Amino acid sequence: MHIRGDHAQLVVGGRLDVRSAADARTVLHSAVDRGAGDLVLDLTGLDSWDATGLGVIMGAHRRAGRCGRRLVLRGVPPQMQRLLVATRLHRILAIEGGLALESLPRV
């Protein structure tokens with residue numbers, strides 16, 4: 001997993017899973033704490049995430065809310081869109097451009 005960017009936009013690539021969760025959490029929390037306004041997470045290069053990785057995203061979302069910020073997901077890959085719908089997290093998280101729900105299979 002790799003994350004690059006600043007306190008306004010981060011590009012996440014690789015796998016966000018139990019192995020990378022601690023490092024990802026540190027980077028995301030630091031970006032939330034140091035900035036203002038929306039924090040955009042570009043997930044275009046993300047290969048996969050597991051429940052732990054999704055938990056890191058939700059933790060960053062909650063932390064951003066407490067700091068008066070909003071976490072915005074950009075470029076969510078289709079397989080991850082399905083997981084967001086299945087867990088109903090698409091109703092909680094801000095997703096740039098929304099999800100292509102009509103093209104996702106029902107879960």
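All of these numbers come straight from a predicted model, not from anything done at the bench. As a basis for the values below, the full set of heavy atoms in this structure was taken, side chains included, without hydrogen atoms, waters or symmetry mates.
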Side chains of Asp17 and Ser48, heavy atoms from C-beta outward: is any pair under 4.5 Å? no

Rounded at 0.5 Å granularity, tell me how far CE in Met80 sits from CD1 in Ile95. 12.5 Å

Is a donor on one side and an acceptor on the other found under 3.5 Å between the side chain of Asp23 and the backbone of Thr26? no

Check for a donor-acceptor pair, side chain of Asp42 on one end and backbone N or O of Gly75 on the other, with a separation under 3.5 Å. no

Applying side chain to side chain contact (heavy atoms under 4.5 Å, CB included), can you list everything that pairs with Ala31, at least two apart in sequence or on another chain? Leu10, Leu39

Take His2 and Arg4 through the test side chain to side chain contact (heavy atoms under 4.5 Å, CB included) and record every step on the way to the result. CA-CA 7 Å; His2 61 275; Arg4 63 183 192 279; 3.8 Å; yes

So does Gly37 get a backbone contact from the side chain of Arg69, meaning a donor-acceptor N/O pair under 3.5 Å? yes

Do Val72 and Ile92 sit in one hydrophobic cluster, given that two such residues count as connected whenever their side-chain heavy atoms are within less than 4.5 Å of each other, even indirectly? no

If every non-hydrogen atom of Met1 is compared with every non-hydrogen atom of Ser20, which pair is closest and at what distance? CB-CB, 3.7 Å

What are the two closest heavy atoms between Val32 and Ala64, and how far apart are they? CG1-CA, 3.6 Å

Asp47 and Arg15: CA distance, side-chain angles, deciding distance, salt bridge (Lys or Arg N to Asp or Glu O under 4.0 Å) verdict: CA-CA 5 Å; Asp47 297 326; Arg15 296 173 56 133; over 6 Å; no

Is there a donor-acceptor pair under 3.5 Å between the side chain of Ser30 and the backbone N or O of Val27? no

Any side-chain heavy atom of Leu54 sitting closer than 4.5 Å to one from Leu84? yes

Atom pair CG (Leu28) and CG (Leu71), whose distance is rounded to the nearest 0.5 Å: 7.5 Å

How close do Leu41 and Ile57 get, heavy atom to heavy atom, and via which atoms? CD1-CD1, 3.6 Å

Which distance, rounded to the nearest 0.5 Å, do you find between the CZ of Arg88 and the CG of Leu93? 14.5 Å

Check for a donor-acceptor pair, side chain of Glu96 on one end and backbone N or O of Leu73 on the other, with a separation under 3.5 Å. no

How far apart are the closest heavy atoms of Leu46 and Pro77, and which atoms are they? O-CG, 3.6 Å

How about Met58 and Leu89: do any of their side-chain heavy atoms sit closer than 4.5 Å? yes

Nearest 0.5 Å, what's the SG-NE2 distance between Cys67 and His29? 9.5 Å

Find out whether Trp49 and Leu43 are in side-chain contact, i.e. whether some heavy atom of one side chain is under 4.5 Å from a heavy atom of the other. yes

Any donor-acceptor pair under 3.5 Å from Asp38 side chain to Val40 backbone: no

